[in-house]
2 protein chains.
Amino acid sequence: SIEFRDVWKIYRGNGIDYPALRGVGFVVEKGEFVALQGPSGSGKTTVIYLAGGLDTPTRGEVIVNGENIGRLSEGKRAKWRRRNVGIVFQFFHLVPTLTVLENVILPMELAGYPPKEKRLERAEELLEIVGMKDKEEKFPNQLSGGEQQRVAIARALAADPHIILADEPTANLDTRNKLKIIDLLIEANRLGKTILYTTHDPQLASKADRLLKIIDGRIVSD
Amino acid sequence: SIEFRDVWKIYRGNGIDYPALRGVGFVVEKGEFVALQGPSGSGKTTVIYLAGGLDTPTRGEVIVNGENIGRLSEGKRAKWRRRNVGIVFQFFHLVPTLTVLENVILPMELAGYPPKEKRLERAEELLEIVGMKDKEEKFPNQLSGGEQQRVAIARALAADPHIILADEPTANLDTRNKLKIIDLLIEANRLGKTILYTTHDPQLASKADRLLKIIDGRIVSD
Ligand SMILES: Nc1ncnc2c1ncn2[C@@H]1O[C@H](COP(=O)(O)OP(=O)(O)OP(=O)(O)O)[C@@H](O)[C@H]1O
Ligand SMILES: Nc1ncnc2c1ncn2[C@@H]1O[C@H](COP(=O)(O)OP(=O)(O)OP(=O)(O)O)[C@@H](O)[C@H]1O
Ligand SMILES: [Mg+2]
Ligand SMILES: [Mg+2]
């Protein structure tokens, strides 16, 4: 499960403090499929970053599968992340010096799962599902926006994590590719994965078990 | 007007040639509002890059307002671009070391238009329209995805160019912000601007005078 307890995130920049999250509280139960919706700038990416241990709250607690990850050191959070979480970043963040195939294999090497001899096959299978197997030898700078997004989704699923955090996973996709990704997420959830995703797309939002709405850093409905 | 005549674009990478555009031909007349739609990886961003003189065709001609821009040198194309074109990139490409306000003023300084004493006022006005005036002192890395996109749109309109090229201008926006941007583009077109934009969003596509469909680097319907 993913639990936020009165979480504040205050960004300090140019001498002013900007509260991106102001007392956010919610629980996503194990195996739930939950959408997080809200206007541009409302705090969705910040929630994803905190839930994935990529950043820590200024105040409050982020507790994932019973572990208070906001309290862990940077190194421990990175280790925790490798074994527990797959993240689809809003702007992909593929490793520029690795090919598409290598980008999808990397999480498996870091997690030590699945066993070595199965990794190539799993990476090929995921790339096939997202329609990117024919471009597996390309580098990220040789891909279109939507192609990078699809590789990022395959990568997030690679090490078969318990939790999937996806930040606008279909924003750069045409309808056909979008439906493929929606089906993939639904299937992963059916297999028991806990999924928290943000989206501005009503079609994707409608697939969720529950909709969390966020405005100006506060959850307004649940 | 924007005219593509039998345009091929072949990317050479890792020893293989990849034809992103295969004989693309179309004309967007002066003052038209045209959408370019197609699957992920079909060549839309490549068309935008060539129409904006950011890259040159491998074969064929790109003629904008009577000028064969594919034949110009890199320096001449940059100069031509400053005075004629505003571009909204798919992934924004804001200047990281400039504030929001400075990013919007920069195109006016490069174009030498409008006159110096009017630039601040125009930048503030555009940022107000896209709902970003309260964040004008922030840097791009302190903004959310949708906020960066809105700044990128204000920047593309800043020097009042004749031609606006927009690559998925609403992909990272919630419905309310999306409608603001759609209205802004429609208004710019009403004032006589030629607009070519790509989108996966049916609502935005429906506003166009004409829909160009591209699949695997070829225009399939016009
Ligand atoms: N530098 C490059 N080297 C090799 N291939 C490239 C390069 N840049 C783009 N491509 C390929 O050219 C094709 C067209 O890319 P383009 O970015 O124009 O697609 P797009 O229609 O904008 O897609 P999307 O909707 O995903 O943004 C893609 O299949 C991509 O893999
Ligand atoms: N490093 C930072 N410094 C200052 N403010 C920041 C920083 N990062 C984000 N913010 C602010 O925090 C707020 C929340 O940002 P966040 O990226 O979480 O929004 P979002 O809901 O994901 O928006 P979008 O739908 O546009 O992607 C925004 O108003 C943004 O300006
Ligand atoms: Mg975001
Ligand atoms: Mg593109």
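All chains are named by letter (A, B, ...) in the order of the sequence lines, taking the proteins before the strands, and each is independently numbered beginning at 1.
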Under the ring-ring contact (aromatic ring centres under 6.0 Å, His included) rule, collect the residues that match up with B:Phe139, sequence neighbours excluded. none
What are the atom names and distances for all donor-acceptor pairs below 3.5 Å between chain A and chain B?
{"unit_1": "A:Asn14", "atom_1": "ND2", "unit_2": "B:Glu137", "atom_2": "O", "d": "3.0"}
{"unit_1": "A:Tyr18", "atom_1": "OH", "unit_2": "B:Lys135", "atom_2": "NZ", "d": "3.1"}
{"unit_1": "A:Ser40", "atom_1": "N", "unit_2": "B:Asp174", "atom_2": "OD1", "d": "2.7"}
{"unit_1": "A:Ser40", "atom_1": "OG", "unit_2": "B:Glu147", "atom_2": "N", "d": "3.3"}
{"unit_1": "A:Ser40", "atom_1": "OG", "unit_2": "B:Arg150", "atom_2": "NH2", "d": "2.9"}
{"unit_1": "A:Gln90", "atom_1": "NE2", "unit_2": "B:Asn172", "atom_2": "OD1", "d": "3.4"}
{"unit_1": "A:Lys135", "atom_1": "NZ", "unit_2": "B:Tyr18", "atom_2": "OH", "d": "3.1"}
{"unit_1": "A:Glu137", "atom_1": "O", "unit_2": "B:Asn14", "atom_2": "ND2", "d": "3.0"}
{"unit_1": "A:Glu147", "atom_1": "N", "unit_2": "B:Ser40", "atom_2": "OG", "d": "3.4"}
{"unit_1": "A:Arg150", "atom_1": "NH2", "unit_2": "B:Ser40", "atom_2": "OG", "d": "2.9"}
{"unit_1": "A:Asn172", "atom_1": "O", "unit_2": "B:His200", "atom_2": "NE2", "d": "3.4"}
{"unit_1": "A:Asn172", "atom_1": "OD1", "unit_2": "B:Gln90", "atom_2": "NE2", "d": "3.4"}
{"unit_1": "A:Asp174", "atom_1": "OD1", "unit_2": "B:Ser40", "atom_2": "N", "d": "2.8"}
{"unit_1": "A:His200", "atom_1": "NE2", "unit_2": "B:Asn172", "atom_2": "O", "d": "3.4"}

Taking side chain to side chain contact (heavy atoms under 4.5 Å, CB included) as the test, write out the residues that go with B:Ala123, two or more places apart. B:Leu101, B:Val104, B:Ile105, B:Met108
Going by side chain to side chain contact (heavy atoms under 4.5 Å, CB included), name the residues that satisfy it together with B:Pro161, two or more places apart in sequence or in a different chain. B:Ile164
If you count heavy-atom pairs within less than 4.5 Å of chain B, which of A:Gly38, A:Ala20, A:Pro39, A:Gly43 leads? A:Pro39
B:Phe92, part contacting chain A, at a heavy-atom distance under 4.5 Å: side chain
